[in-house]
Amino acid sequence: MSRTIKLLVFLGAVILVAVLFYSTAQEGKYKYKVCVSFHGSSRCTTASGQSPDQAIRAAQGVICSGITNGRDEVMACEATSPTSVEQLSGK
């Protein structure tokens with residue numbers, strides 16, 4: 001393998017690691033604890049996102065997936081307002 005190809009492979013790997021690090025750091029800008037009650041079940045979880053809305057929706061999606069049965073109930077659960085929202089970190 002020539003020296004030029006080795007250098008290009010090395011630079012490509014460095015760029016890939018930098019992009020992965022940057023995207024991971026940006027993903028967790030905001031962290032929220034969200035609680036949801038639906039059909040008598042209540043749960044809380046935390047989630048991170050690039051915006052407060054994204055973090056809250058992600059947490060609510062995780063909760064609703066765990067306390068419902070079927071797609072229709074998940075959609076109904078996600079359409080309800082959380083019972084509590086607490087910001088744990090972010091701007």
Side-chain angles (χ1 to χ4, degrees):
M1 194 181 281
S2 74
R3 183 180 170 123
T4 305
I5 292 175
K6 287 180 183 179
L7 181 62
L8 289 174
V9 169
F10 175 75
L11 288 175
V14 169
I15 290 170
L16 177 64
V17 168
V19 167
L20 289 174
F21 178 78
Y22 178 77
S23 66
T24 302
Q26 292 299 312
E27 187 174 316
K29 273 187 173 179
Y30 297 91
K31 186 173 183 178
Y32 281 82
K33 179 180 179 183
V34 178
C35 297
V36 174
S37 292
F38 185 74
H39 289 185
S41 294
S42 203
R43 286 204 187 148
C44 298
T45 194
T46 60
S48 300
Q50 291 181 338
S51 69
D53 186 53
Q54 185 183 44
I56 293 166
R57 282 187 290 130
Q60 188 166 1
V62 169
I63 294 168
C64 289
S65 294
I67 63 174
T68 59
N69 293 313
R71 183 176 52 108
D72 293 338
E73 282 192 9
V74 170
M75 291 172 57
C77 177
E78 289 177 346
T80 62
S81 296
T83 54
S84 70
V85 175
E86 177 186 353
Q87 184 174 0
L88 301 176
S89 66
K91 290 183 178 179

* Kindly indicate, with the supporting measurements, whether the criterion side-chain contact (heavy atoms from CB on, under 4.5 Å) is fulfilled by Lys31 and Thr46. => CA-CA 7 Å; Lys31 186 173 183 178; Thr46 60; 4.1 Å; yes
* Atom OG1 of Thr83 and atom CZ of Phe38: how far apart are they, to the nearest 0.5 Å? -> 13.0 Å
* Least distance between heavy atoms, Ala55 atom then Gly49 atom -> CB-N, 3.6 Å
* CD1/Ile63 to OG/Ser41 distance, rounded to the nearest 0.5 angstrom? -> 11.5 Å
* Any donor and acceptor pair, going by atom type alone, linking the side chain of Gln60 with main-chain N or O of Ile56 inside 3.5 Å? -> no
* Structure fact -> Rounded to the nearest 0.5 angstrom, the CD-SG distance for Glu86 and Cys44 is 9.5 Å
* Taking side chain as C-beta onward, heavy atoms only, is Tyr30 less than 4.5 Å from Ser48? -> no
* Asked: Taking atom CD of Glu78 and atom OG of Ser65, what is their separation to the nearest 0.5 Å?
  -> 6.0 Å
* In the single-linkage hydrophobic clustering (I, L, V, M, F, W, Y; side-chain heavy atoms under 4.5 Å), do Val36 and Val85 co-cluster? -> yes
* Structure fact -> When rounded to the nearest 0.5 Å, the distance separating SG of Cys77 from NE2 of His39 is 8.5 Å
* Asked: Are Ile67 and Tyr32 joined in one hydrophobic group, where the rule is that I, L, V, M, F, W and Y side chains link up if heavy atoms are under 4.5 Å apart?
  -> yes
* Structure fact -> dist Glu73:CD -> Cys64:SG (nearest 0.5 Å) comes out at 10.0 Å
